[in-house]
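Worksheet: the structure to be examined is printed underneath.
Quick note: numbers below take in every heavy atom, side chains included, and nothing from hydrogens, waters or symmetry partners.
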Amino acid sequence: MSRAPNYEFQEWWNKQREKENLDLFEEKIEQSSSPFIAVDVAGNGGGGGSSNVRSNPSVKKERTRSARQLSWVCLLKFQQIAATVGFLSNGLLYLVRTANRRIISRDSPADSSSSRLYRAIRVFLIVVIALLGFELVAYFKGWHFRPPSVGSADVLGLVGEFYARWIDIRANYLAPPLQSLTNMCIVLFIVQSVDRIVLILGCFWIKFRRIRPVASVDYDGNVESVEDYPMVLVQIPMCNEREVYHQSIAAVSILDWPKERMLVQVLDDSDEADIQQLIKAEVHKWQQRGVRIIYRHRLIRTGYKAGNLKSAMGCDYVKDYEYVAIFDADFQPTPDFLKKTIPYFKGKDDLALVQARWSFVNKDENLLTRLQNINLSFHFEVEQQVNGIFLNFFGFNGTAGVWRIKALEESGGWLERTTVEDMDIAVRAHLCGWKFIFLNDVKCLCELPETYEAYKKQQHRWHSGPMQLFRLCFVDVLRSKVSWAKKANLIFLFFLLRKLILPFYSFTLFCIILPLTMFLPEAELPAWVVCYIPGVMSILGVLPAPRSFPFIVPYLLFENTMSVTKFNAMISGLFRFGSSYEWVVTKKLGRSSETDLVAYEKESEPLMRSNSLHRSSSDSGIEELSKLELSKLAPKTKKNRLYRKELALAFILLTASVRSLLSAQGIHFYFLLFQGISFLVVGLDLIGEQVS
């Protein structure tokens, strides 16, 4: 009986032979494609080694594992590249869609295109684009290596002749005046940098020697009777402050001061009837709790904030008060604010003002508020503190300060001639011989503008007003009886250097001269002016806010971006253009009201218990809820805008960066590129709060 054939074994054997033949074929291909021969040096015999690596299974296993790992690494790299490209493309797509939406939106207003500065920038942009096109033609013809000479038209043609004459004109006629303007701006830049370094050194000296003002009395426990407390008037000027009126009134109403020695004036200039009713109801609520608080509304609203304060100081009962504390509508003083500031007046009859520092509840809200925090931290920590310690003079910040009423009256009171009434009264009081004190350790909570529109309008007023005031008080400074050192400080440092020269050279040097030097290479702007000194100044500027060190580069770029607004405001204030007298209330969002109102209610409980008026249960919370609901009924039409001056300057700087790239100027190229991107982001209103 014959055995049946084993088909399963035969099938298995054939598969194994096919697999070995395939591996051998692949191995021969690898050996033929490699310029090297693999030699087995680990053979057992004393003779030659074997070149057959197929017989060593461990080598083939390692080779297979390495190929698999290499494929996974490549796949991972491709995935990372794809993710990066996707992120960049999504960001670019979002930028394009945002720009397109804001360009075609009819409800989105833009800057006035008829402004003088915008027209000049637009002409400059056209010239720069034309020059770039001309330089590109010259670059591709190789003329950047061998510039053509005049008279070679027969060889190079009409374009070469024209380019040769352009080189001659820019070298002999355009570059020399541009170089002179550049040198002048560099000198101003160095002078302003030295002034900033001196202020920093003064601040370090104050910290090292622990110099601070000393109060003559302590109202916490050394006062025998209530009559020893001076009479204090507290003023809260406001205008259409729907979002923040309640938090300022509540914070002032719970100040730790004898109620019979303090009177609160709510100076409402609102022109909307519903807001007036809300503020009246808030004042009435605190009156029922025993607070001496009154509501004032002017029928003739002239003079903006100065007119409002002037009208309030004209009341007959003001003569009974010795000091006046002023808080804007978004400011929330701590309950011990008066006990920390009033004692410094005791024994100092020549002291007119005690100024507290601002502290911000929304400094980490977005990039715009973070950059504002850096700027204002330097202003208070360095400028105000150093000037207060060494000169006893600084500009009044308009709020969070206590004035001696006698000093206000002797200095002429509040005047309506400028939009910086706070600086006006401070300068006049200084010329009359009064002294100021700045308290860096006494802080008052407030809110920073979160939209670029609000911040830009605020900066326009802050930089046009000082130039108005400089024109009006220049003769008064010269005729005053103060020393010539104080006159020089007022004219050259306080006004010219810090209010006029700073915005002038910042805009001219980095937004006009630097792009021009790319197209007029005969005029040179050194790299240390473009990069090194601004970098050092930015580091010094961030020192008062050490947590903001990661934002040094955005801070430097944003300050240069804001130079166009500050320069425009300075020019309009100096030459009395119409926009210099515009007063636009800086819109706030009331970020702290939702949480702090609960604390204010708890602080006011002792007042409610000591009040003799008994309200019914129906008056407990229904009225408050109805008022809050009413305050939300008004429509809020906030929109992001396009800013044409910033966009035009963005294209100018980016065009100049392309020209710089053709010349292989590294530092200038990177500065122009990132500064142009900064202008583009600001021009598209992408830096502050984004409204869908």
Would you please test Cys444 and Phe327 for side chain to side chain contact (heavy atoms under 4.5 Å, CB included) and show each step?
CA-CA 9 Å; Cys444 188; Phe327 301 99; 4.2 Å; yes
Test your reading of the model: is there a side-chain donor-acceptor pair from Gln276 to the backbone of Ser270, 3.5 Å cut-off?
yes
Using a distance-only test with no angle check, is there a side-chain donor-acceptor pair under 3.5 angstrom linking Thr341 and Gln355?
no
Taking side-chain contact (heavy atoms from CB on, under 4.5 Å) as the definition, give me every residue that meets it alongside Leu351, ordered by chain and number, with sequence neighbours left out.
Tyr344, Phe345, Lys348, Val354, Arg404, Ile437
Classify the angle between the aromatic ring planes of Trp257 and Tyr229 as parallel (below 30°), tilted (30 to 60°) or perpendicular (above 60°).
perpendicular
Side chains of Pro333 and Val252: does their closest heavy-atom pair fall under 4.5 Å?
yes
Has Lys481 got more than 12 heavy atoms of other residues, nucleotides or ligands less than 6.0 Å from its NZ?
no
To the nearest 0.5 Å, atom OG of Ser253 lies from atom CE of Met262 at 7.0 Å
With heavy-atom distances below 4.5 Å as the criterion, would you say the side chains of Val264 and Ile249 are in contact?
no
Any donor-acceptor pair under 3.5 Å from His463 side chain to Met570 backbone
no
Just by modelled atom types, is the Asp330 backbone N or O under 3.5 Å from a matching donor or acceptor in the Glu241 side chain?
no
Asn397 vs Gln384 side-chain heavy atoms within contact, under 4.5 Å:
yes
To the nearest 0.5 Å, how far apart are CG in Leu408 and CZ in Arg428?
9.0 Å
Could you check whether any side-chain N or O of Asn362 sits under 3.5 Å from a backbone N or O of Leu448, counting only pairs where one atom can act as donor and the other as acceptor?
yes
For Leu117, check side-chain contact (heavy atoms from CB on, under 4.5 Å) against everything at least two apart and list the hits.
Ile121, Phe507, Val564, Phe567, Asn568, Lys645
Heavy-atom neighbours of Lys339 NZ exceed 12 at 6.0 Å:
yes
Return the set of residues passing side chain to side chain donor-acceptor pair (under 3.5 Å) with Asp320 (not counting sequence neighbours), or none when no residue passes.
none
Residues at least two apart in sequence or cross-chain that pass side chain to side chain donor-acceptor pair (under 3.5 Å) with Arg301, listed by chain then number, are none
For Tyr452, side chain to side chain donor-acceptor pair (under 3.5 Å) partners two or more places apart
Glu646
What is the distance from atom CE of Met537 to atom CG of Leu556, rounded to the nearest 0.5 Å?
11.5 Å
From Ser411 atom OG to Trp434 atom CH2, the distance as rounded to the nearest 0.5 Å
7.5 Å
Can you list every pair that meets side chain to side chain donor-acceptor pair (under 3.5 Å) and has a residue in residues 485-495, with sequence neighbours left out?
none
Salt bridge (Lys or Arg N to Asp or Glu O under 4.0 Å) partners of residues 374-390, not counting sequence neighbours, each pair once:
Lys207-Glu381, Arg357-Glu381
Between Gln192 and Tyr505, is any side-chain donor less than 3.5 angstrom from a side-chain acceptor?
yes
Side chains of Ile326 and Pro237: does their closest heavy-atom pair fall under 4.5 Å?
yes
Side-chain polar contacts of residues 181-188 - donor-acceptor pairs under 3.5 angstrom, sequence neighbours left out - could you list them?
residue: Thr182; atom: OG1; partner: Leu178; partner atom: O; Å: 2.7
residue: Asn183; atom: OD1; partner: Gln179; partner atom: NE2; Å: 3.1
residue: Asn183; atom: ND2; partner: Gln179; partner atom: O; Å: 3.2

Do Phe124 and Ile512 have side chains that get closer than 4.5 Å, going by heavy atoms?
yes
Who are the side chain to side chain donor-acceptor pair (under 3.5 Å) partners of Asp328, not counting sequence neighbours?
Lys305
Within the distance-only criterion (no hydrogens, no angle test), does the side chain of Ser180 pair as donor or acceptor with the backbone N or O of Pro176 below 3.5 angstrom?
yes
Can you check side chain to side chain contact (heavy atoms under 4.5 Å, CB included) on Glu227 and Arg261, steps first, answer last?
CA-CA 8 Å; Glu227 299 297 329; Arg261 311 294 290 179; 3.3 Å; yes
Answer yes or no: is there a donor N or O on one side and an acceptor on the other, between the side chain of Ser506 and the main chain of Pro503, under 3.5 Å?
no
When you compare the side chain of Tyr455 with that of Ile687, does any pair of heavy atoms fall below 4.5 Å?
no
Hey, is Glu322 close enough to Lys406 for a salt bridge, meaning N to O under 4.0 Å?
no
May I have the step-by-step check of side chain to side chain contact (heavy atoms under 4.5 Å, CB included) for Tyr219 and Leu338, ending in yes or no?
CA-CA 9 Å; Tyr219 285 108; Leu338 294 179; over 6 Å; no
For residues 497-516, pull every pair meeting salt bridge (Lys or Arg N to Asp or Glu O under 4.0 Å), keeping only residues two or more places apart or in separate chains.
Asp195-Arg498
Got a donor-acceptor contact below 3.5 angstrom from the Ser464 side chain to the Gly573 backbone?
no
Cation-pi, Phe558 ring and Arg370 (6.0 angstrom, 45 degrees)
no
Could you tell me whether the side chain of Ser248 and the main chain of Tyr245 form a donor-acceptor pair under 3.5 Å?
yes
Nearest-0.5 Å distance, CE of residue Met423 to CH2 of residue Trp462
10.0 Å
Run the ring-ring contact (aromatic ring centres under 6.0 Å, His included) test against His430 and tell me which residues pass, sequence neighbours left out.
Phe393
Quick one: sort the Phe360 and Trp358 rings into parallel, tilted or perpendicular, breaks at 30° and 60°.
perpendicular
Are any non-hydrogen side-chain atoms of Cys203 and Phe378 less than 4.5 angstrom apart?
no
Return yes if a side-chain donor-acceptor contact under 3.5 Å exists between Asn240 and Asp271, otherwise no.
yes
Quick one, Trp205 with Phe390, criterion side chain to side chain contact (heavy atoms under 4.5 Å, CB included). Give me CA distance, side-chain angles, the key distance, then yes/no.
CA-CA 11 Å; Trp205 181 257; Phe390 294 105; 3.9 Å; yes
Show me, pair by pair, the donor-acceptor contacts under 3.5 angstrom made by side chains of residues 307-317, not counting sequence neighbours?
residue: Asn308; atom: ND2; partner: Leu267; partner atom: O; Å: 3.1
residue: Ser311; atom: OG; partner: Arg296; partner atom: NH2; Å: 2.9
residue: Tyr317; atom: OH; partner: Gln265; partner atom: NE2; Å: 2.7

Leu497 side, atom CG; Phe492 side, atom CZ - distance, nearest 0.5 Å
11.0 Å
I would like to know whether Phe495 and Phe474 meet ring pair (Phe, Tyr, Trp, His ring centres under 6.0 Å); could you show each step before the answer?
CA-CA 10 Å; Phe495 280 113; Phe474 179 72; 9.2 Å; no
Please confirm whether the backbone N or O of Gln468 pairs with a side-chain atom of Thr418, one donor and one acceptor, at under 3.5 Å?
no
With a 4.5 Å heavy-atom cut-off, do Leu496 and Ile491 have their side chains touching?
yes
Answer yes or no: is there a donor N or O on one side and an acceptor on the other, between the side chain of Ser377 and the main chain of Ile374, under 3.5 Å?
no
